[in-house]
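Just so it is clear: chains get the letters A, B, ... in the order the sequence lines come, proteins before strands, and each one is counted from 1.
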Amino acid sequence: MPLSQAPLPLLEHALGEAIKKLDLDPSLAQITPTNNQRFGDYQTNAALIAAKELKSNPRDLANQLIAELDLEDYCDPPEVAGAGFINFRLKKNFLEQQVASLLHDPRLGIPLSASPRTIVIDFSSPNVAKPMHVGHIRSTILGESLLRIARFLGHRVISDNHLGDWGTQFGKVIYGLKNLPPQAELAEESPIEKLVRLYRQVTTLEREDAQLRDVVRKELLKLQQGDCENRKLWEEVVTLSWREFEKQYALLGVSFDEHLGESFYHEALQPLVQRLLLQGIAKRSQGAVVIFFPHHPTLHDKPFLIQKSDGAFLYATTDLATLEYRVTRWHPDAIWYVCGAPQQLHFEQLFESSRRLGFHLELRHIAFGSILGEDRKMMKTRSGDNIELGSLLQEAIDRAWKIIDEKNPLFSQEEKKKIAQIVGLGALKYADLMQHRMTDYVFSWEKMLAFQGNTAPYLQNAYVRSRSIFRKDESLQSFFPSTLLLDEEVERTLALQLLQFAEVIPNVLVDARPNILCLALYELATKFHRFYEECPILKAEKKVKESRLALTEITSRMLQLGLNLLGIDVPEKM
RNA sequence: GCACUCGUAGCUCAAUUGGAUAGAGCGCUGCCCUCCGAAGGCAGAGGUUGUGGGUUCAAUUCCCGCCGAGUGCACCA
């Protein structure tokens, strides 16, 4: 029997053999889990699809396939149902053995990728000296999760935080540092708060004073031309900001292999533009340098501006230079950009341009929708500002603390603090990840922190419940039954879910959708709860007790692993 | 004007990428702790998947038209 513990490859292999014997299209050897127990555990639509090509009867074809199928080691005899579906139901003792073997497998049956790739993931990308807003939060959480999953599957992943450290905000901040009086009453503010305050003050002042805008622009120009004083201020600002970001990333459990900001590519921009002009990829137009896509179906009327008429470079220029650098530095098979949906046009243009430059790797914009307030508009504070990451994280922790304090007042202060962090931040991350990434979703503290429904606290609680039984009795820690007993329907249902977990993880990366993993975890927790209610463990007879403990053990490890792949921690008590 | 994304239960969202009777949570109506965490579980009510066509044995999913929402489109990032 093959090493893989997931049933799907076994079934597909057997189906493939049968298809070969009947001389049908080998790509039809596809099997999916059923969505309803009535139809067994797995189904294939192969006969339906093949019958269409051959213009024959699908049910007859299905019966012919079944006759050639050799899977009696692990499957009850398959049945033809409906229009020509073939339904498979795993044998009880096969299920029992396979699930038992998960006990010895630290990967819980999840195979390494057969074709590991080198992937650069670009995510988070906050702007230095500007408050991080909700868009960055989604990018950070989503990016980190994809990174963890890709690494777990054996890919070589480089995470690169493309900091906005060279933008127009520096004109404002430098002007503010030079000209705005220090405010005594705010002496206690942190350096980063001061930068944000200056940024906002200058933004406000500019709105009323057109002349000031020119002064601010000149400060930026001076910086970019290498002015000594501005350069020094810039360095301080970048260092301070990064130190602050690092604190927040540590809290979130996020880390980067690189954080090469826009400034890193500054020197490369002029030569890049020259080269693009020389190769005829870009053209001069109205004083600026532009890439056109005259033959592209949707981009023909959407020029890509890479140098302004005043000589300054743009976002697009830096992104092209960055792409080029990454290709030569890492030789990646893919670069993924975790960035909001509004920038889809930009990435389409960027990718099209890079193909013209001769880069033919996979370039993927992993877009996501907006986070909305209860009023269904982009989430803002009451005063209309963007919500800052720091305050959001703190509120999540504070709210979780209140709930824990209410439910478990006897926990020590230290325990409460630790649990509040795990639960609060977990809830925040999970609320984001469980959503289909393209949907704009309404942010709600009540919902994400609820113990009912598809939330992190619900999953964390399932984990806590599963661990609590092992605290009852230390001797329960070491047991490894070589096979299980799955006599109750709820046990079988749980066992199947445990086995199918391995099939879910690789699917997450197909379309960069951690919400598939969330759904699997939620179903796992639900099925576990049902099992835990219905099946007594400690009182059960020895063999049954061991089997049920094993199910509990595997469930808790799977919840922990799955949440970890989402960047979410689990508490032992809550 | 062009492009992108979306429209599913009263509300917030799913639907394993074209499969069988469209599922959860909240809210609503009832149940279940002399048993490991009730921070849980069970059952019920709730739907013409915005709308009209098309492709298919099969469409929430793919194609076209309309209606509605959000976002973006030459010197911000």
* Asked: Given B:C42, is OP1 or OP2 found less than 4.0 Å from the side-chain N or O atoms of A:R530?
  -> yes
* Below 3.5 Å, does any donor atom in the side chain of A:N87 face an acceptor in the base of B:A20, or the other way round? -> yes
* Please work out if A:A81 contacts a base, only the sugar-phosphate, or nothing of the nucleic acid, heavy-atom cut-off 4.0 Å. => base
* Return yes if the base of B:C6 and the side-chain atoms of A:T439 contain a donor-acceptor N/O pair under 3.5 Å, otherwise no. => no
* Asked: Hey, is the side chain of A:N35 poking within less than 4.0 Å of OP1 or OP2 on B:A20, counting only N and O atoms?
  -> yes
* Aromatic-base stack, A:Y522 on B:A24, cutoff 5.5 Å, angle under 30 -> no
* Asked: Does RNA chain B take part in any stems of at least 3 consecutive Watson-Crick or G-U pairs (both distances under 3.5 Å), and if so, which ones?
  -> B:1-7 with B:67-73, B:10-13 with B:23-26, B:28-32 with B:40-44, B:50-54 with B:62-66
* Answer yes or no: does a side-chain N or O of A:R513 lie under 4.0 Å from OP1 or OP2 of B:U17? => no
* To do: Validate the cation-pi geometry between A:K308 and A:F313: distance from NZ or CZ to the six-membered ring centre under 6.0 Å, angle to the ring axis within 45°.
  => no
* Measure from the side-chain heavy atoms of A:R38 and tell me the nearest of B:C42, B:U56, B:U21. => B:U21
* Under 4.0 Å between a side-chain N or O of A:H529 and OP1 or OP2 of B:G40? -> no
* **Short side-chain N/O contact from A:Y430 to OP1 or OP2 of B:C13, under 4.0 Å** => no
* To do: For A:S468, answer base if it contacts any base atom (sugar-phosphate contacts may also be present), sugar-phosphate if it contacts only those atoms, and nothing otherwise; contact means non-hydrogen atoms under 4.0 Å.
  => base
* Asked: Is A:K377 near enough to B:A69 that one of its side-chain N or O atoms lies under 4.0 angstrom from OP1 or OP2?
  -> no
* Quick one: A:K302 NZ to B:G1 P, roughly how many Å, whole number? -> 13 Å
